[in-house]
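First comes the structure, then the notes that go with it.
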Amino acid sequence: MKRIVVLGGGFAGLIAAVGAARKLAELNVPSTDIGVTLVNRDAYHAIRVRNYETDLSDVRVPLADVLDPIGVERVVGDVTGIDPARHEIALAGRAPLGYDRLVLALGSELVRPPIPGLAEHGFDVDTYEAAMRLAGHLAALPARPASPGRYTALVIGGGLTGVEEAAELGTRLREIAGDAPSRVIVADRSSRIGQGMGPGACEVIAEAFTALGIESRPGISVASVDARGAVLASGERIEAETVIWCGGMRAHPLAAALPGPRDGFGRIPVDRFMKVEGIPDLYAAGDIATVPLDPTHASVMSCQHARPMGRIAGHNVVCDLVGTAPVALEIGYYVTCLDLGTWGAVYCQGWDRQVQAQGEAAKTIKRTINTERIYPPRSRHAAEILATAAPVTQAPPLRVAAK
Ligand SMILES: Cc1cc2nc3c(=O)[nH]c(=O)nc-3n(C[C@H](O)[C@H](O)[C@H](O)COP(=O)(O)OP(=O)(O)OC[C@H]3O[C@@H](n4cnc5c(N)ncnc54)[C@H](O)[C@@H]3O)c2cc1C
């Protein structure tokens, strides 16, 4: 019997495993001939993009609900190494796992620079566990002794995650503080908060922040963090008992352990079939991989790209094993939808990020993305689950006619 192994049960990995099962079912390959196994650190598919939200009650889907109905084997385990020569995966505390074809989809991790005190005192929303730790800390603030920074949150990093986190926190902290004053400050080295979103979205972010009472501190850098706040490189101190680090993502560290080139984010280059060049039988998808989308743009670490990459990888490992033609990745659009808390959201289209919707109109799109579009079916219906992983890309969330 041959075995396809998928490492990682996030946006790329889950849909890759479903995609492989879909193609095997389409070809009527018996599960005794080719099996699919998904390895994940825990028993959940994490809807990681929602970790900035206040309500975390529905941001994890049991992998069993998606994989058991379609006959994909689940292994809960911590991957510690990959040996492409032996076709083996090392797992913490368990026997190694062999594979015939491997899909690497271990995602990315928050970049954590060695700023003194950040590791001990900083919070983040990179994982469900980290978001829950932040939620526990925020809920416990009223029980702390009154102090100048008790209800002040300093969000370091004014990229997409930092902006979404700050916008959500404005209302959240106000509710926790009750009658006491609260502050949310977003600090970034760059000259404008949300700069990576382009000038149009920056204006919208600024408008939303003004309405939400969120303070922007562009052009500064943080020198150290402690239990009561942070000291800036200028020597200025900000009293803030909640410091949240949102400093960007880097490919999973196991990417570095494989031979071959990496891009600036530590990602493994793959071709448009999701195949890793130079390593036999290895495919990669999602944040751990980079694929050229057109002559000038590569994939972005996003679920928008991780999901189609995963579908294609899952489909193509089966094609590779049975000897049929693979399918190339085609994503004909790029959009960004940034949550701006109770103010709304901003929706941009194109690599130049033209603002197409804002406020409540964009918030409706964001809600649909976060609560429907990126979820796997939870019906436990095999046909419905398999259908989501056909090797095609979803249409954009909002179709805007080209001007
Ligand atoms: C707060 C936040 C907001 C975001 N907002 C957006 C957004 O609005 N739009 C957007 O497109 N993207 C957004 N992103 C980025 C998006 O979440 C990632 O790009 C996406 O999750 C990548 O999918 P992936 O499958 O490659 O990785 P992941 O979804 O991270 O999945 C990786 C999986 O591998 C597992 N894993 C990792 N290491 C091991 C190991 N050693 N052993 C076993 N299992 C392991 C993990 O548990 C996880 O299940 C956001 C991210 C964050 C943190």
Side-chain angles (χ1 to χ4, degrees), residues 1-24 29 31 33-41 45 63 67 70-92 94-108 251-262 266-291 299 306-324 326-329 389 391:
M1 176 182 165
K2 298 213 182 301
R3 184 142 295 280
I4 293 166
V5 174
V6 177
L7 301 184
F11 289 108
L14 179 60
I15 212 157
V18 179
R22 194 205 74 87
K23 186 64 183 167
L24 289 168
V29 177
S31 57
D33 287 0
I34 302 178
V36 183
T37 302
L38 183 141
V39 184
N40 196 54
R41 199 174 256 156
H45 171 63
L63 284 166
L67 299 179
I70 58 168
V72 171
E73 185 194 26
R74 287 178 290 111
V75 172
V76 174
D78 201 351
V79 178
T80 55
I82 300 156
D83 187 337
R86 295 168 71 108
H87 280 56
E88 247 178 34
I89 308 302
L91 296 167
R94 308 172 61 121
L97 187 64
Y99 66 83
D100 294 283
R101 295 291 182 280
L102 182 66
V103 179
L104 192 54
L106 292 170
S108 57
H252 192 283
L254 273 178
L258 290 166
R262 303 290 166 266
R267 300 185 295 177
I268 301 168
V270 292
D271 64 19
R272 297 189 76 172
F273 304 100
M274 302 300 114
K275 177 103 186 53
V276 179
E277 223 175 277
I279 305 183
D281 307 326
L282 181 65
Y283 290 70
D287 286 2
I288 201 165
T290 173
V291 60
S299 56
R307 285 162 45 83
M309 288 167 83
R311 279 191 198 99
I312 294 294
H315 181 90
N316 285 347
V317 277
V318 173
C319 294
D320 193 0
L321 265 180
V322 303
T324 58
V327 170
L329 180 75

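What's counted below: heavy atoms across the whole structure, side chains too, no hydrogens, waters or symmetry copies.
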Original post:
Would you say Asp271's side chain and Lys275's backbone share a donor-acceptor pair under 3.5 angstrom?
Top reply: yes
Original post:
Can you tell me how far the CZ atom of Arg41 sits from the CG atom of Asp78, to the nearest 0.5 Å?
Top reply: 5.0 Å
Original post:
With Val270, which of Leu329, Leu104, Val276 fulfils side chain to side chain contact (heavy atoms under 4.5 Å, CB included)?
Top reply: Val276
Original post:
Do Pro96 and Leu91 have side-chain heavy atoms sitting under 4.5 Å apart?
Top reply: no
Subject >> Side chain proximity check, Val291 to Arg272, heavy atoms < 4.5 angstrom >> reply: yes
Original post:
Tell me, do Ile4 and Thr37 make a side-chain contact under 4.5 Å, heavy atoms counted?
Top reply: no
Original post:
Taking it one step at a time, do Leu14 and Leu67 satisfy side chain to side chain contact (heavy atoms under 4.5 Å, CB included)?
Top reply: CA-CA 8 Å; Leu14 179 60; Leu67 299 179; 3.7 Å; yes
**OP:** Test Ile82 against every option in Ile279, Leu102, Val5 by the side chain to side chain contact (heavy atoms under 4.5 Å, CB included) rule and name the one that passes.
**Re:** Leu102
Original post:
Just wondering, do Tyr283 and Asn316 contact through their side chains at under 4.5 Å, heavy atoms?
Top reply: yes
Original post:
Any side-chain heavy atom of Ser299 within less than 4.5 Å of one from Met309?
Top reply: yes
**OP:** Please assess Asp287 against His252 for the test side chain to side chain donor-acceptor pair (under 3.5 Å), listing each intermediate value before the final yes or no.
**Re:** CA-CA 8 Å; Asp287 286 2; His252 192 283; over 6 Å; no
**OP:** Taking only Lys NZ, Arg NE, NH1 and NH2, and the carboxylate oxygens of Asp or Glu, determine whether Asp100 and Arg3 approach each other closer than 4.0 Å.
**Re:** no
